[in-house]
Every structure is written in structure tokens, then in C-alpha cells.
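One structure below.
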Amino acid sequence: SSGINAEYGGMKATEKLVEALNLEENEFRMGYSKIFLRAGVIGALEDKRDERVKEVLIGFQTLARGWLARKRFRKLLDLRVGVLVAQRNTRQYFVLRKWQWWRLFTKVKPLLSVTRQEEKKKKKKKKKK
């Protein structure tokens, strides 16, 4: 009895598939284990399938290209920020380089104990590597 139910379920599923494909009554015949299609119907179904596959692939390609474009754009924004920071620092350097207090600071900084401690830490890290 389970074989009859399974067969009946398969036929119902096939009928629903034929309905979804919008096939007309004269284009197919249902047998007990097969569906028979008129000449040209398979070609038309394959054309529909090819069109649908094409639509899905175009959609996927669109998503991939959009993702890559956004990634490139973010990279350009990061580069832009870096350029702006470099420009700002260069402008500041040109303003400060002639300022007497800045000159004094740059000459005294290497003599400070904090700077020497940082250099010692760097040397220790290099030795560990």
C-alpha cells in the first residue's frame, strides 16, 4: 500500500510541476511512470531554463561586481585619508621648522631619559626575535 501512495504522490508532484511550467493539455500526456511531451516542447523548456539560469548568473555577477567596487572604493577612501594626513603633517612641519622652540625641542629630545628607555625596549625586542 505504501508503493501506491508514493506513486500517487509522485504523480501529484508531476502534475504540479506541469502546472508551474504552464504547459497546455495538448503538449503533454501523463503515463503511469513517465510524462510524454510533444515535439518542440523539450526545446522550449530548455530555452526557459537557459533564460532563468542566465538571469540568476547575471544577478550573482552583479552582486560580485558591486562588492568588488565597494571594496575598491573603501581602499581609495583610506588612501585619501592617508594623503590628507601626510599633507597636514607636512604643512605643520614647514610652519614649525623655523620656530625656535621647535628647534630646541628637536635638539633636546634625544637627550631625554624617556627616549633612551624606549630605545632600550626596542633593542630587547629585537634580541628576543
Side-chain angles (χ1 to χ4, degrees):
S1 91
S2 66
I4 294 171
N5 286 338
E7 186 176 310
Y8 179 73
M11 287 194 70
K12 282 290 187 189
T14 306
E15 287 174 4
K16 288 189 180 227
L17 179 65
V18 169
E19 272 182 40
L21 292 172
N22 296 324
L23 293 178
E24 301 199 14
E25 287 288 325
N26 64 351
E27 293 180 325
F28 70 95
R29 291 288 176 261
M30 299 265 298
Y32 287 109
S33 61
K34 294 181 182 178
I35 183 168
F36 300 94
L37 301 170
R38 289 205 184 268
V41 174
I42 290 179
L45 290 175
E46 286 178 352
D47 289 345
K48 281 183 182 179
R49 183 198 66 210
D50 290 345
E51 189 63 34
R52 182 66 183 131
V53 166
K54 181 177 141 186
E55 289 173 6
V56 169
L57 288 176
I58 288 173
F60 178 72
Q61 192 177 39
T62 302
L63 289 172
R65 285 181 177 176
W67 181 79
L68 287 171
R70 284 186 295 278
K71 187 175 175 183
R72 273 185 248 127
F73 182 71
R74 279 191 296 271
K75 190 174 181 181
L76 284 174
L77 285 180
D78 291 343
L79 287 173
R80 182 175 178 260
V81 168
V83 167
L84 292 174
V85 167
Q87 286 176 342
R88 184 186 67 218
N89 289 342
T90 303
R91 275 194 298 278
Q92 284 298 93
Y93 170 75
F94 282 119
V95 167
L96 289 176
R97 74 179 176 168
K98 293 179 183 173
W99 191 37
Q100 294 302 317
W101 285 106
W102 179 253
R103 286 185 178 178
L104 177 64
F105 175 73
T106 55
K107 288 184 178 169
V108 170
K109 185 179 178 191
L111 304 174
L112 297 175
S113 63
V114 175
T115 306
R116 280 185 259 143
Q117 288 175 359
E118 288 177 9
E119 288 176 4
K120 288 179 184 177
K121 286 180 187 178
K122 287 180 185 177
K123 286 180 183 177
K124 285 182 183 178
K125 285 182 183 179
K126 285 182 182 177
K127 287 180 183 178
K128 287 180 182 179
K129 290 181 183 180

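For the numbers below, each heavy atom of this structure counts, side chains included, while hydrogens, waters and symmetry mates do not. From a predicted model like this one, the values you see are computed outputs, not experimental measurements.
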Suppose we screen for ring pair (Phe, Tyr, Trp, His ring centres under 6.0 Å). Which residues come up paired with Phe28, at least two apart in sequence or across chains?
none
How many angstroms lie between CD in Gln61 and CG in Leu63, if you round to the nearest 0.5 Å?
10.5 Å
Greater than 12 external heavy atoms within 6.0 Å of Ile42's CD1
no
Can you establish whether the number of heavy atoms outside Phe60 located under 6.0 Å from its atom CZ is more than 12?
no
Report all side-chain donor-acceptor pairs from residues 78-101 shorter than 3.5 Å, counting only partners two or more places apart or in another chain.
| from | atom 1 | to | atom 2 | distance (Å) |
| --- | --- | --- | --- | --- |
| Asn89 | ND2 | Val85 | O | 3.4 |
| Thr90 | OG1 | Ala86 | O | 2.7 |

Please list, one pair per line, the donor and acceptor atoms closer than 3.5 Å that link side chains of residues 43-58 to other protein atoms, with sequence neighbours excluded.
| from | atom 1 | to | atom 2 | distance (Å) |
| --- | --- | --- | --- | --- |
| Lys48 | NZ | Leu21 | O | 3.1 |
| Arg52 | NH1 | Glu55 | OE1 | 3.3 |

Decide whether Val108 and Trp102 are clustered together by the hydrophobic rule: side chain heavy atoms of Ile, Leu, Val, Met, Phe, Trp, Tyr closer than 4.5 Å, transitively.
yes
